[in-house]
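Here the structure is a predicted model, which is why all the values come from computation and not from measurement. Residues take their numbers from the sequence shown, with the count starting at 1.
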Amino acid sequence: QVQLVESGGGLVQAGGSLRLSCAASGSFFSIGAMGWYRQAPGKQRELVATITSGGITNYAESVKGRVTISRDNAKNTVYLQMNSLKREDTAVYYCNARITTRQTMGYGVTAYWGQGTQVTVSS
């Protein structure tokens, strides 16, 4: 069974920084693209940043220049370094990963989600 476990959320003042981590565990063949999404109260879940297995990154316009996504393939972990945080960054942040597992008729790719970690930015 594959699990994504996030950590690093919390309460921070505007202008501060946080670093989120998400580690994949369980039995799997490989991990492809990983990413972070967020969902604020009353809003839809939105993309924050993604990173391919080769390290190519993509960011939402709202976080460009303030956020850095990275990964450690040896640790099956993706990170999100967030700086210059704003109140509008307040949300539950979810980790996502496309993971290849051994299945009955070969291998298959499934998108897994973490349980979410709360980030609250106060003024």
Side-chain angles (χ1 to χ4, degrees):
Q1 186 176 358
V2 176
Q3 281 190 317
L4 298 178
V5 179
E6 299 131 335
S7 60
L11 174 64
V12 63
Q13 286 191 330
S17 298
L18 278 176
R19 188 193 195 207
L20 306 183
S21 300
C22 171
S25 64
S27 178
F28 51 85
F29 180 70
S30 65
I31 303 176
M34 304 181 82
W36 289 94
Y37 293 73
R38 67 186 181 186
Q39 187 166 18
K43 295 187 177 182
Q44 289 189 331
R45 190 173 298 188
E46 63 177 6
L47 178 145
V48 177
T50 60
I51 184 168
T52 68
S53 56
I56 297 173
T57 59
N58 178 55
Y59 296 94
E61 286 296 326
S62 59
V63 302
K64 275 185 181 178
R66 302 187 296 119
V67 164
T68 302
I69 189 171
S70 61
R71 64 191 286 171
D72 185 333
N73 291 330
K75 295 182 179 180
N76 299 320
T77 300
V78 62
Y79 305 96
L80 189 71
Q81 177 67 45
M82 301 188 292
N83 302 321
S84 303
L85 283 162
K86 306 175 181 180
R87 286 193 66 183
E88 50 265 42
D89 294 318
T90 295
V92 178
Y93 283 70
Y94 296 92
C95 171
N96 174 273
R98 292 179 60 80
I99 297 178
T100 300
T101 58
R102 184 82 180 267
Q103 298 179 7
T104 305
M105 298 299 290
Y107 293 89
V109 180
T110 303
Y112 289 88
W113 291 92
Q115 80 284 359
T117 185
Q118 177 70 47
V119 171
T120 302
V121 183
S122 64
S123 58

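- Minimum heavy-atom separation, Gln115 to Leu4: OE1-O, 3.4 Å.
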Can Ile56 and Asn58 be said to form a side chain to side chain contact (heavy atoms under 4.5 Å, CB included), step by step? CA-CA 7 Å; Ile56 297 173; Asn58 178 55; over 6 Å; no
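- Residues Leu80 and Val67 have side chains in contact (heavy-atom distance under 4.5 Å, counting atoms from C-beta outward).
- One hydrophobic cluster holds both Tyr112 and Val78 under the rule that ILVMFWY side chains link at heavy-atom gaps under 4.5 Å.
- Hydrophobic clustering places Val12 together with Val63 (ILVMFWY residues linked when any side-chain heavy atoms are closer than 4.5 Å, directly or through intermediates).
- Shown here for Ala14 and Ser123, the closest heavy-atom pair between the two residues is CB-CA, 4.4 Å.
- Each disulfide (SG to SG under 2.5 Å) pair with one or both residues in residues 19-113, not counting sequence neighbours, appears once here: Cys22-Cys95.
- Here the shortest heavy-atom pairing between Tyr59 and Ala49 reads CD2-CB, 3.6 Å.
- Taking Thr120 as the reference, Leu11, Thr90, Gln118 meet the side chain to side chain contact (heavy atoms under 4.5 Å, CB included) condition, with sequence neighbours excluded.
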Intermediate values then yes/no, side chain to side chain contact (heavy atoms under 4.5 Å, CB included), Phe28 and Asn76: CA-CA 11 Å; Phe28 51 85; Asn76 299 320; 3.6 Å; yes
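- Judged as a salt bridge (Lys or Arg N to Asp or Glu O under 4.0 Å), the pairs with a partner in residues 17-40 (not counting sequence neighbours) are, in order, Arg38-Glu46, Arg38-Asp89.
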Donor-acceptor pairs are to be reported for all side-chain atoms of residues 97-108 against protein atoms at under 3.5 Å, with residues two or more places apart or in another chain.
| residue | atom | partner | partner atom | Å |
| --- | --- | --- | --- | --- |
| Thr101 | OG1 | Gln103 | NE2 | 3.4 |

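- With sequence neighbours left out, Lys43 forms a salt bridge (Lys or Arg N to Asp or Glu O under 4.0 Å) with no residue at all.
- Alongside Val109, the hydrophobic cluster contains no other residue (criterion: ILVMFWY side chains under 4.5 Å).
- Residues Met34 and Leu47 are members of separate hydrophobic clusters, defined by side-chain heavy-atom contacts under 4.5 angstrom among Ile, Leu, Val, Met, Phe, Trp and Tyr.
- Residues satisfying the salt bridge (Lys or Arg N to Asp or Glu O under 4.0 Å) test with Glu88, not counting sequence neighbours, are none.
- Note on residues 67-87: no pairs pass salt bridge (Lys or Arg N to Asp or Glu O under 4.0 Å), not counting sequence neighbours.
- Of all heavy-atom pairs spanning Ser17 and Gln81, the tightest one is CB-NE2, 3.9 Å.
- Evaluation of the ring pair (Phe, Tyr, Trp, His ring centres under 6.0 Å) rule for Tyr37 yields Trp113 as partners, not counting sequence neighbours.
- Partners of Gln1 by side-chain hydrogen bond (donor to acceptor under 3.5 Å, both in side chains), not counting sequence neighbours: none found.
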Check the pair Leu20 / Glu6 against side chain to side chain contact (heavy atoms under 4.5 Å, CB included), numbers first and verdict last. CA-CA 7 Å; Leu20 306 183; Glu6 299 131 335; over 6 Å; no
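- Ser70 is linked by a side chain to side chain contact (heavy atoms under 4.5 Å, CB included) to Tyr79, counting only residues two or more places apart in sequence or in another chain.
- For Gln39, the side chain to side chain contact (heavy atoms under 4.5 Å, CB included) partners at least two apart in sequence or on another chain are Arg45, Tyr94.
- Asn96 approaches Ala111 most closely through the heavy-atom pair ND2-CB, 4.0 Å.
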Apply side chain to side chain contact (heavy atoms under 4.5 Å, CB included) to Val119 and Met82, showing your working. CA-CA 10 Å; Val119 171; Met82 301 188 292; 4.0 Å; yes
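- Ala23 and Thr77 make their closest contact through CB-OG1, 3.6 Å (heavy atoms, listed as atom of the first residue, atom of the second, distance).
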